[in-house]
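Shown next, in structure tokens, is the structure this report addresses.
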Amino acid sequence: HLTLGEGGNPNMTPQAYGEQKHREAEATAKLIGAQPIFAPYRDGELPNTEEVRRYVADVIRLIKPTHIITHWRNSIHKDHAAAHAIVNDAVLLASLEGVVTSHPRHRDVRAICYTENWEDPENFKPYLYVDVSNELEAWKEAVTQYQFIKGGISSFPYLEYYTALARVRGAEAGTRYAVAFDVDPFEKKQTVDMLP
């Protein structure tokens, strides 16, 4: 989490909601067998700086992912757009021997995929579809650990929206449920010996 999104509940102070979001993230991570990492940045104030890029590069070096999922470049939420730029640069920094952080370089990120988010729609074009038909119920259990997904904070129907979107993407992909990702335009290529 680059931020906790602690400014997103008009009925709670940022500190109190941040503490709640921290607990919700821990509960969600436990359900899926993950360990959350919390950056020290504030909601709505994520700085798009070299310091943050190095922080994220060091996390990449620590975790050693093969795939990274982050926000699409265009968003109505400034933290999402900043996260896109930060993560893309951090992948490069994490791979460079000359960039010194707490962990040795990591050069094995095979893909950066951008999530489909209602706040990040501009020029997002589904490219990669992943069948999640067998995982949808586990996803619902995980995401409903967050109050903003269950409802009561915003009038936006998050759970219903993303469940319906998964059905739409599944229909497009020929499965029951799917999620769609975009990738950078230079990644949109395939090399084959002959047409399929």
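Please read these numbers as outputs of a predicted model, since none were measured by experiment. Values reported hereafter were calculated over all heavy atoms of this structure, with side chains retained and with hydrogens, waters and symmetry mates removed. Residues: numbered from 1 along the sequence shown.
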Restricting to non-hydrogen atoms, name the atom on [X] and the atom on [Y] that form the minimum distance, rounded to 0.1 Å.
| X | Y | answer |
| --- | --- | --- |
| Arg53 | Asp89 | NE-OD2, 2.6 Å |
| Tyr41 | Leu2 | CB-O, 3.3 Å |
| Thr70 | Ala83 | OG1-O, 4.1 Å |
| Ser133 | Thr175 | OG-CB, 4.1 Å |
| His71 | Tyr114 | O-CD2, 3.2 Å |
| Phe124 | Pro126 | CE2-N, 3.8 Å |

Give, for atom [atom1] of [X] and atom [atom2] of [Y], the distance between the pair rounded to the nearest 0.5 Å.
| X | Y | atom1 | atom2 | answer |
| --- | --- | --- | --- | --- |
| Leu93 | Arg105 | CG | CZ | 13.0 Å |
| His106 | Asp58 | NE2 | CG | 12.5 Å |
| Tyr55 | Ile86 | OH | CD1 | 11.5 Å |
| Arg176 | Leu136 | CZ | CG | 9.5 Å |
| Tyr177 | Thr163 | OH | OG1 | 7.0 Å |
| Asn9 | Ile153 | CG | CD1 | 4.0 Å |

Taking [X] for the side chain and [Y] for the main chain, is one N or O donor matched with an acceptor at less than 3.5 Å?
| X | Y | answer |
| --- | --- | --- |
| Asp79 | Leu46 | yes |
| Asp120 | Arg73 | no |
| Ser75 | Ala81 | no |
| Thr144 | Lys150 | no |
| Asp182 | Lys125 | yes |
| Lys78 | Gly44 | yes |
| Glu24 | Gln147 | yes |
| Ser95 | Leu92 | yes |

Grouping I, L, V, M, F, W and Y whenever their side-chain heavy atoms are under 4.5 Å apart, do [X] and [Y] come out in a common cluster?
| X | Y | result |
| --- | --- | --- |
| Ile68 | Phe181 | no |
| Leu159 | Phe156 | yes |
| Val59 | Ile69 | no |
| Tyr146 | Tyr161 | yes |
| Val56 | Val100 | no |

### Task
Under the salt bridge (Lys or Arg N to Asp or Glu O under 4.0 Å) rule, what do Glu137 and Lys140 come out as? Steps first, then yes or no, please.
CA-CA 5 Å; Glu137 291 309 311; Lys140 285 181 182 180; 3.7 Å; yes

### Task
Could you give me the CA-CA distance, side-chain angles and deciding distance for Thr115 and Asn117, then say whether side-chain hydrogen bond (donor to acceptor under 3.5 Å, both in side chains) is met?
CA-CA 6 Å; Thr115 59; Asn117 185 314; 5.2 Å; no

### Task
Could you please spell out the steps behind the side chain to side chain contact (heavy atoms under 4.5 Å, CB included) verdict for Glu187 and Leu128?
CA-CA 11 Å; Glu187 294 292 338; Leu128 176 67; over 6 Å; no

### Query
If you draw a 6.0 Å radius around NZ in Lys64, do more than 12 non-hydrogen atoms from other residues or ligands fall strictly inside?
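Count over threshold, so yes.
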
### Query
Counting heavy atoms not belonging to Arg167, are there more than 12 under 6.0 Å from its CZ?
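Yes - once you tally the heavy atoms of other residues, nucleotides and ligands closer than 6.0 Å, there are more than 12.
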
### Query
Would Tyr129 and Arg169 count as a side chain to side chain contact (heavy atoms under 4.5 Å, CB included) if you check the C-alpha gap in whole Å, the side-chain angles of each, and the deciding distance to 0.1 Å?
CA-CA 7 Å; Tyr129 291 78; Arg169 296 307 181 211; 3.9 Å; yes

For a 4.5 angstrom cut-off between non-hydrogen side-chain atoms, does [X] reach [Y]?
| X | Y | result |
| --- | --- | --- |
| Val99 | Arg61 | yes |
| Ile37 | Ile63 | yes |
| Phe38 | Glu26 | yes |
| Ile112 | Asp184 | no |

### Check against side chain to side chain contact (heavy atoms under 4.5 Å, CB included), Asn74 and His80
CA-CA 8 Å; Asn74 299 316; His80 294 189; over 6 Å; no

### Glu50 vs Arg54, salt bridge (Lys or Arg N to Asp or Glu O under 4.0 Å): CA-CA, chis, key distance, verdict
CA-CA 6 Å; Glu50 186 67 17; Arg54 285 180 177 265; 3.5 Å; yes

### Query
So, for Tyr162 and Trp139, is the gap between ring centers shorter than 6.0 Å?
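No; Trp139 has its ring centre 6.0 Å or more from that of Tyr162.
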
#### Entry: Near-ring test Phe148/Tyr158, centroid separation under 6.0 angstrom
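Yes, close enough.
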
### Task
Step by step, work out the side chain to side chain contact (heavy atoms under 4.5 Å, CB included) result for Gln15 and Glu6.
CA-CA 7 Å; Gln15 180 177 350; Glu6 70 274 14; over 6 Å; no

